[in-house]
2 protein chains.
Amino acid sequence: MVERIDDTDLTALLKAASDPTRRAILTLLAQQGAMRVTDLARHFEVSLNSVSKHIKTLESAKLVSRRTEWREHLIELNPDRLAHIDTWFKDLQSIWALRLEKLEKLMTKDDAHD
Amino acid sequence: MVERIDDTDLTALLKAASDPTRRAILTLLAQQGAMRVTDLARHFEVSLNSVSKHIKTLESAKLVSRRTEWREHLIELNPDRLAHIDTWFKDLQSIWALRLEKLEKLMTKDDAHD
DNA sequence: GCATTATTCACCCTTATGGTTGAACGAATA
DNA sequence: TATTCGTTCAACCATAAGGGTGAATAATGC
């Protein structure tokens with residue numbers, strides 16, 4: 001069986017990022033900094049409740065964090081968390097590169113029987 | 001409304017990458033190069049059919065491609081497609097960086113009324 | 001033609017997901 | 001205290017998603 005490590009975190013991260021509305025929220029937060037739920041919701045056609053749910057998803061993936069000031073919930077981006085996605089991507093790329101390297105070595109000695 | 005460009009492609013890409021089994025398939029392909037559906041399925045506990053479905057998802061996200069030789073379907077990774085995810089991530093990061101830059105400028109002239 | 005191999009297709013089931021509406025709650029304010 | 005504001009909670013609905021089994025298809029080998 002393939003190494004099914006602790007990738008539940010990465011799964012949550014990618015799942016959260018896979019919804020267009022949620023990505024738009026992340027973009028808004030990146031552009032404007034911390035925003036209230038209501039202000040975020042104003043930018044979308046979906047209901048406030050729907051946006052609230054999306055924020056909860058982003059929150060449990062730790063892509064955003066919430067700072068409750070008085071009755072206002074300030075949502076802000078956790079830019080460092082995005083790097084985790086990048087790490088996965090880079091790991092996969094290096095695995096790929098490594099294989100190509102090995103393959104090349106085999107080619108040079110013309111011993112390439114699979 | 002936020003710029004909801006043509007991100008259906010990115011959505012498919014991230015959705016495809018958000019499943020652990022599919023990510024494991026991608027890792028296997030990166031490690032071993034092109035593999036048959038059956039050989040891929042051997043690495044997982046889920047049924048062959050389930051793996052076949054996952055491959056179809058990866059295929060429609062263009063993360064893998066299929067080369068049918070005789071009755072065998074060789075699945076291989078499309079490493080360039082992974083770069084799209086990285087592009088999204090980098091874009092978001094630069095938006096973030098840009099905002100911080102602007103913010104810093106504002107701070108220097110102490111004119112920061114939101 | 002029949003069996004075998006490799007893979008998909010067609011269903012079915014269960015759970016997750018994204019959306020809605022309406023009630024509830026907590027805090028400020030009149 | 002009643003009202004308004006900001007937000008979540010609780011149902012509910014429709015659809016998608018992941019998983020399974022069994023039949024179908026396609027190609028090879030006897």
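Sequence lines set the chain letters: A, B, ... in the order given, protein chains first and strands last, and positions in each chain run from 1. Here the structure is a predicted model, which is why all the values come from computation and not from measurement.
Between the CZ atom of B/R36 and the C1' atom of D/dA27 there is a distance of 13 Å, rounded to whole Å. A/E72 has its CD atom 14 Å from the C1' atom of D/dT4, to the nearest Å. In this entry the distance linking CG of B/L74 with P of C/dT8 reads 12 Å, nearest Å. The separation between B/H73 atom NE2 and D/dA27 atom C1' is 10 Å, rounded to whole Å. Going from atom NZ of B/K56 over to atom C1' of C/dC9 covers 8 Å, rounded to whole Å. Between the C1' atom of D/dG6 and the CE atom of A/M35 lies a distance of 14 Å, rounded to the nearest Å. The interatomic distance linking B/I55 (CD1) with D/dG18 (C1') rounds to 15 Å, in whole Å.
For A/S47, a side-chain nitrogen or oxygen approaches OP1 or OP2 of C/dT20 to under 4.0 Å. The side chain of A/T38 contributes no N or O atom lying less than 4.0 Å from OP1 or OP2 of D/dG6. Taking only side-chain nitrogens and oxygens, B/K53 never comes nearer than 4.0 Å to OP1 or OP2 of D/dG20. At the phosphate of C/dG19, OP1 or OP2 sits under 4.0 Å from a side-chain N or O atom of A/H54. The side chain of A/R22 contributes an N or O atom lying less than 4.0 Å from OP1 or OP2 of C/dG18. Contact annotation: B/K15 side-chain N/O to C/dT17 OP1/OP2 distance is not under 4.0 Å.
Looking at A/R81 and A/D9, a side-chain N of the basic residue comes within less than 4.0 Å of a carboxylate O on the acidic one, giving a salt bridge.
A side-chain donor from one of A/T11 and B/R23 sits under 3.5 Å from a side-chain acceptor of the other.
With hydrogens and angles ignored, the 3.5 Å screen pairs no side-chain donor or acceptor of B/S50 with any backbone N or O of B/S47.
Residue-to-nucleotide contacts include a donor-acceptor pair under 3.5 Å from the side chain of B/N49 to the base of D/dG22. The base of C/dT17 has none of its N or O atoms less than 3.5 Å from a complementary donor or acceptor on the side chain of A/D19.
Proximity note for A/L48 (side chain, C-beta onward) versus D/dT7, C/dA6, C/dG19: the nearest is D/dT7.
Side-chain contact between B/D19 and A/L14: absent, with no pair of heavy atoms (C-beta onward) separated by less than 4.5 Å. Residues A/L82 and B/W88 meet the side-chain proximity criterion, which asks for heavy atoms closer than 4.5 Å.
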